[in-house]
Amino acid sequence: LADVVVGAGVQAHQLVDLLVLRGQENHRQVGGLPQAAQQLQTIHAGHFYVENGEIRRVGGQRGQGGGFQGGGDFFSSPALLVVALTGAVTAFFAATIAFAQTDIKKVLAYSTVSQLGYMMLGLGVGSVSAGLFHLTTHAIFTAQLFLGSGSVIHAVHSNEITDMGGLRKKMPITWITFGIGTLAIAGLPFLSGFYSKEAILGQALAYAQHHEGSWLAHVPFVLGISTAGMTAFYMFRLFFSTFHGEPRNHHAFEHAHESPWTMTVPLCVLAALSIVAGGIFIPQFNGEWFESRVASEILFKPASLETFEHVKHIAHEGHSLVMGLSIGMFAAGIGLSSLFFLPFGPFYRKQVLAPGTPLGAVHTFLKNLWYIDRIFTWIALHLVHMAQVACGAFDRYVVDGFVNLWGTICRYILSVSGTVDYWGVDGTVRGIGDTCLRWGARVRRLQTGLLQEYVYASVFIFAGVFVLSVLIVLFL
């Protein structure tokens, strides 16, 4: 096979794409390869490469010749570190807010935001398959939890968990299915959420150990494992407060009832999927199923296979540690939650969150969403208003003052120009016209239209000219 593909220069994608159509065979061990093909070889077409007898897809940008070009640096990219930090902070931040919510759907909504942060964390530390695996499992048990919360709301006609309690006796199917979803998202071993979350945390730990000298590279794992315990705590707070203990609203409890089959059947289906989606009863559908299709090295050829294999080796070695920490966080979250929200707990319905106490202050802080909404409101109502006043004053006194000043100057110039035009230019024209009119009126008197007067005038003028001529001749 290797001689045919590599030696003869056959287009490798034509051969391997046939393997892709066979599902699991798109990332399979190819038997019968000669010893020379057991090492890393680049197939002629550039679409796939052979490593240790396995055919893998090479990702990247398609070149002019039809192949793929470039390589991906999954563990040294500052952009991916920003993605990982953003995801980790989002997961932690949303989990803290879910602690203090009393609306059953708000708890699940902030939990969803937290789990989305987990997915971005997985992408940021270089594991596309882990992020998409968690996206798939989370879609199943979160859909189940939201449908279960709708079933509870349908029964008690309230979103507030302060109106619930003791509903397991009234709604056994919802109780069981909601419990399965809670265990899945909290990370109970062998359920779907455990496998997908552990894949992300394992990759995050390997990423941190690969960057031993960078404390920033350890932040995603620290926040991720902390969020795992927080998720178990607030989800079992929700579960215990809703289905266990004494009813808080007896009127709502008396009228509560199990939902119809149109709701309970989907709940049972989603509960079953929450169990098997991690591969416990369907071995083919697990983390390796995603890794064989959307793993980072398949989607985009690593810039350094040595680095990629090194991180993969670290992740494999740290598997037991991550599993132990995940189980420990799961147990700690349930244990602490039971102390506060189960009847046998020493803090059950105690005023540990009363105003004035340290926990009360933290609870108020988290209930108000870290005061982010108030900060935005303050910014909108104060800073923006101050900016509005400042801009108004600038417009009134600077912009308008400048415009008004030049308007006044222009009005003065126009007034002077108008005066000069009226009395100078127009006055001169009018003066010449008036002079011509006055002299014309006087000259017009000579024109009477009477022939006698013209004869008399001609005689007088002739006589005058004759006398004047004689005088000039006599005296000159």
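The first residue in the sequence is number 1, and the count goes up from there. Please read these numbers as outputs of a predicted model, since none were measured by experiment.
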**OP:** Start with the C-alpha distance between N249 and H251, add both sets of side-chain angles, then the distance that settles side-chain contact (heavy atoms from CB on, under 4.5 Å), and finish with yes or no.
**Re:** CA-CA 6 Å; N249 187 328; H251 175 74; 3.5 Å; yes

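- Donor-acceptor pairing under 3.5 Å is lacking for the side chains of T264 and S259.
- Taken from CG in L369 to CD1 in I97, the straight-line distance is 5.0 Å, to the nearest 0.5 Å.
- By the 4.5 Å heavy-atom criterion applied to side chains, P172 and E258 are counted as neighbours.
- When every heavy atom of A186 is checked against every heavy atom of T231, the shortest pair comes out as CA-CG2, 4.5 Å.
- For the pair H134/K197, a side-chain contact is recorded, criterion being any heavy-atom separation below 4.5 Å from C-beta on.
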Original post:
Going through the distances and angles, do S326 and L201 end up as a side-chain contact (heavy atoms from CB on, under 4.5 Å)?
Top reply: CA-CA 8 Å; S326 298; L201 293 175; 3.6 Å; yes

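- A perpendicular orientation is assigned to the rings of F236 and F239, their planes being inclined by more than 60° (bins at 30° and 60°).
- Between the CZ atom in F240 and the CG atom in L342 there is a gap of 4.0 Å [rounded to 0.5 Å].
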Original post:
So Y371 and F365, ring pair (Phe, Tyr, Trp, His ring centres under 6.0 Å) or not? Walk me through it.
Top reply: CA-CA 7 Å; Y371 291 100; F365 178 75; 5.7 Å; yes

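- In this model, a donor atom of one side chain and an acceptor atom of the other lie less than 3.5 Å apart for Y234 and S111.
- Contact detail for M323 and F194: the closest heavy-atom pair is CG-CZ, 3.7 Å.
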**OP:** Show the numbers, then the answer: is there a side-chain contact (heavy atoms from CB on, under 4.5 Å) between T137 and Y195?
**Re:** CA-CA 9 Å; T137 59; Y195 290 107; over 6 Å; no

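- Note that NZ of K106 is 9.5 Å distant from CG of N159, once rounded to the nearest 0.5 Å.
- Side-chain contact check for Q203 versus L121: every heavy-atom pair is 4.5 Å or farther apart.
- Distance check: M171 CE to I176 CD1 gives 12.0 Å after rounding to the nearest 0.5 Å.
- E160 and T102 are linked by a side-chain donor-acceptor pair at a separation below 3.5 angstrom, with hydrogens and angles left out of the test.
- The shortest distance between side-chain heavy atoms of S114 and T90 does not fall below 4.5 Å.
- Note that the CD1 atom of I334 and the CG atom of L188 stand 7.0 Å from one another [nearest 0.5 Å].
- Taking every heavy atom of both residues into account, A277 and I140 meet most closely at CB-CD1, 3.6 Å.
- Using cut-offs of 30° and 60° on the angle between ring planes, the pair F178 and F243 is tilted.
- Between T174 and G148 the shortest heavy-atom distance is CG2-O, 3.8 Å.
- Side chain of S337 to backbone of R237: a donor-acceptor contact under 3.5 angstrom is found.
- For the pair I173/C268, a side-chain contact is recorded, criterion being any heavy-atom separation below 4.5 Å from C-beta on.
- In summary, of the residues considered (F93, F99, Y110), a ring pair (Phe, Tyr, Trp, His ring centres under 6.0 Å) with W370 occurs for F93 alone.
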Acceptor/donor pairs from residues 205-225 side chains to any protein atom, 3.5 angstrom cut, sequence neighbours excluded:
from : atom 1 : to   : atom 2 : distance (Å)
H211 : NE2    : F75  : O      : 2.4
S214 : OG     : A217 : N      : 3.4
H218 : ND1    : S214 : O      : 2.9

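- A cation-pi arrangement is absent between K105 and F146, since the terminal nitrogen or guanidinium carbon is not both under 6.0 Å from the aromatic centre and inside a 45° cone about the axis.
- Looking at heavy atoms from C-beta onward, L238 lies in side-chain contact with I104 at the 4.5 angstrom threshold.
- Judged purely by atom type and a 3.5 angstrom limit, S127 has no side-chain atom pairing as donor or acceptor with the backbone of L123.
- In this structure, the side chains of L191 and F141 stay at 4.5 Å or more apart for every pair of heavy atoms.
- Proximity of the aromatic rings of H154 and H257 is defined here by a centroid distance below 6.0 angstrom, and this criterion is met.
- Between S192 and I275, the closest side-chain pair of non-hydrogen atoms is not below 4.5 Å.
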Original post:
Stepwise, does the side-chain contact (heavy atoms from CB on, under 4.5 Å) test hold for L145 with T182?
Top reply: CA-CA 7 Å; L145 290 170; T182 303; 3.8 Å; yes

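- Looking at every heavy atom in both residues, S151 comes nearest to L267 through CB-CD1, 4.3 Å.
- Between the OG1 atom in T136 and the CG atom in L132 there is a gap of 6.5 Å [rounded to 0.5 Å].
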Please set out all donor-acceptor pairs under 3.5 angstrom arising from side-chain atoms of residues 372-391, sequence neighbours excluded.
from : atom 1 : to   : atom 2 : distance (Å)
R374 : NH2    : N368 : OD1    : 3.2
T377 : OG1    : D373 : O      : 2.8
W378 : NE1    : H382 : ND1    : 3.4
H382 : ND1    : W378 : O      : 3.3

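- A pairwise comparison of heavy atoms in S158 and I153 identifies O-CG1, 3.5 Å as the closest pair.
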